[in-house]
2 protein chains.
Amino acid sequence: MPDSLRRFKAEIFQALAHPTRIAILELLGAGEASTGELGEKLGIEQANISQHLAVLRSKQLVVNRKAGNQVFYSVRDPILNDVLALMRRYFQNHLQEAYEMLGEMAHAPTESEK
Amino acid sequence: MPDSLRRFKAEIFQALAHPTRIAILELLGAGEASTGELGEKLGIEQANISQHLAVLRSKQLVVNRKAGNQVFYSVRDPILNDVLALMRRYFQNHLQEAYEMLGEMAHAPTESEK
DNA sequence: TTAGAATATTCGAAATTTCGAATGCTCTGT
DNA sequence: ACAGAGCATTCGAAATTTCGAATATTCTAA
């Protein structure tokens with residue numbers, strides 16, 4: 001496999017590598033939603049949601065549809081939902097360690113605290 | 001779903017979000033390999049491979065087995081292979097855009113490049 | 001046309017990631 | 001014990017990512 005393709009793949013994963021963007025995609029898995037709805041359900045500032053949506057758009061993970069004042073987003077390729085579903089199984093299998101890892105992180109000193 | 005879990009998920013995706021680490025995991029999908037073997041097959045410096053393996057280890061995506069002088073790595077949970085396989089299908093579906101996004105001439109990859 | 005709602009973009013500072021270079025560690029053979 | 005092989009870690013600089021604040025854009029209603 002050419003390295004250029006691996007770079008492309010890595011960029012897709014990078015787009016998935018943020019809690020807010022994962023949350024957005026999981027919400028969109030249930031059907032389309034507007035920027036405002038996403039922001040409200042997630043309790044995140046409008047500008048920030050828009051920025052994350054811009055990332056997902058730039059990697060073509062989502063598509064949008066304008067309706068009057070609003071913009072509705074949806075997942076472009078259902079395979080993405082399958083990937084997220086598989087990942088949910090993965091997390092179920094390793095929930096124990098997940099919490100341990102998160103617990104350690106919570107106790108690890110941050111750079112500014114050192 | 002709690003935000004802590006989403007953060008955990010995001011970290012897994014982050015671990016996948018590098019061309020070299022994707023290449024490593026794809027190689028390991030065919031069976032275990034030593035650090036040296038991985039570095040040689042990928043044409044990447046020893047220290048760098050070790051750094052990427054450290055990332056994969058820290059997120060528990062791989063496990064290792066010491067054998068004398070060497071350390072052999074393998075994928076811990078086969079679900080990960082399924083995720084990568086699903087992603088391969090995704091990339092096949094969108095190869096055209098992949099190449100466009102990369103700003104490369106669209107051409108079919110040769111067998112040897114796969 | 002003007003106001004306001006909904007969404008997007010730009011900017012800058014802080015945090016994180018990446019890689020090579022240098023160094024450290026742990027085995028094995030002699 | 002020593003040398004070398006194989007692997008891991010640390011350090012520092014460059015690149016990238018992230019978020020809030022400010023500003024733009026686009027659409028609708030009056």
Side-chain angles (χ1 to χ4, degrees), chain A residues 3 6-24 27-28 32-74 101 105 108-114, chain B residues 3 6-24 27-28 32-74 101:
Chain A
D3 184 64
R6 277 203 209 100
R7 251 179 279 130
F8 177 70
K9 284 193 191 181
E11 286 184 11
I12 303 294
F13 283 122
Q14 174 62 46
L16 298 174
H18 193 283
T20 298
R21 292 196 293 269
I22 290 176
I24 289 173
L27 282 179
L28 294 184
E32 69 172 12
S34 70
T35 305
E37 286 168 6
L38 292 171
E40 193 191 353
K41 286 192 181 175
L42 297 177
I44 287 178
E45 292 301 318
Q46 181 270 319
N48 199 358
I49 282 281
S50 251
Q51 286 167 338
H52 285 301
L53 286 170
V55 172
L56 295 174
R57 251 186 297 125
S58 77
K59 300 302 161 43
Q60 319 234 54
L61 267 38
V62 299
V63 290
N64 58 41
R65 164 180 83 82
K66 293 196 174 186
N69 226 1
Q70 297 169 275
V71 180
F72 289 89
Y73 284 85
S74 49
M101 276 179 58
M105 283 178 37
T110 65
E111 276 307 307
S112 62
E113 283 170 343
K114 277 186 189 164
Chain B
D3 183 66
R6 277 203 208 101
R7 251 179 279 131
F8 177 70
K9 282 193 193 182
E11 287 185 9
I12 302 295
F13 283 122
Q14 174 61 47
L16 297 174
H18 193 284
T20 298
R21 293 197 290 270
I22 289 175
I24 288 173
L27 281 179
L28 293 184
E32 68 172 13
S34 70
T35 305
E37 285 167 5
L38 293 170
E40 193 190 354
K41 286 191 182 178
L42 298 177
I44 286 178
E45 291 300 317
Q46 181 269 319
N48 199 359
I49 282 281
S50 252
Q51 288 168 336
H52 285 301
L53 286 170
V55 172
L56 295 174
R57 250 186 298 124
S58 77
K59 302 300 162 42
Q60 318 235 54
L61 298 186
V62 299
V63 291
N64 59 41
R65 164 180 81 82
K66 293 197 177 188
N69 227 1
Q70 297 167 275
V71 180
F72 289 88
Y73 283 86
S74 48
M101 275 180 59

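So you know, we letter chains A, B, ... as the sequences are listed, proteins then strands, and number each from 1.
- When the side-chain nitrogen and oxygen atoms of A/N48 are compared with OP1 and OP2 of D/dG20, one or more of them lie within a distance under 4.0 Å.
- The side chain of A/Q14 has D/dT17 as its nearest neighbour among C/dT7, D/dT17, C/dT9.
- Between C/dA6 and A/Y73, no contact under 4.0 Å exists linking OP1 or OP2 to a side-chain N or O.
- When distances are taken from the side chain of A/R21 to each of D/dT9, D/dA22, D/dT18, the shortest belongs to D/dT18.
- The B/N69 side chain lies nearest to C/dC27 when the options are C/dC27, D/dC7, C/dT7.
- In this structure, the NZ atom of A/K59 is 12 Å from the P atom of D/dT16, given to the nearest Å.
- Considering only side-chain atoms of B/R57, the nucleotide from D/dT9, D/dC7, C/dA8 that sits closest is D/dT9.
- Of the side-chain N and O atoms in B/S50, none sit less than 4.0 angstrom from OP1 or OP2 of D/dT9.
- Side-chain proximity of B/A54 to D/dT9, D/dA8, C/dT18: nearest is D/dT9.
- Between A/T35 and the phosphate of C/dA8, there is a side-chain N or O to OP1/OP2 separation shorter than 4.0 Å.
- Comparing B/S34 and A/G68 by the nucleotide of DNA chain D whose heavy atom lies nearest to each, the residue mapping closer to the 5' end is B/S34.
- Of the possible polar contacts, one joining the A/E37 side chain to the A/S34 backbone as a donor-acceptor pair under 3.5 Å is found.
- Within the 4.0 Å cut-off from OP1 or OP2 of C/dT18, not a single side-chain nitrogen or oxygen of B/H52 is found.
- Of the possible donor and acceptor atoms, one in the side chain of A/R21 sits under 3.5 Å from a partner among the backbone N and O of A/Q14.
- Below 30°, between 30° and 60°, or above 60°: for A/H18 and A/H52 the angle between ring planes is between 30° and 60°, a tilted geometry.
- Of the two residues contacting DNA chain C, namely B/A47 and A/A47, the nearest-nucleotide position lying further toward the 5' end is that of A/A47.
- Heavy atoms of B/F72 sit nowhere under 4.0 angstrom from any nucleic acid atom.
- Taking 3.5 Å as the limit, the base of D/dA8 and the side chain of B/Q46 contain a donor-acceptor pair of atoms between them.
- For A/L53 and D/dT18, the CG to P distance is 14 Å, given to the nearest whole Å.
- Annotation for B/R6 and A/P19: closest pair CD-O, 3.5 Å, computed over non-hydrogen atoms.
- One donor-acceptor pair, N or O on each side, does fall under 3.5 Å between the base of C/dG20 and the side chain of B/Q51.
- Here the options are B/V63, B/N64, B/V62, the test is side chain to side chain contact (heavy atoms under 4.5 Å, CB included), and the partner is B/L56; only B/V62 passes.
- We find that CD of A/Q70 is positioned 12 Å from P of D/dA29, with the value rounded to whole Å.
- Minimum atom distance to the side chain of B/E45 is reached by C/dG20, of the listed C/dG20, D/dT9, D/dA22.
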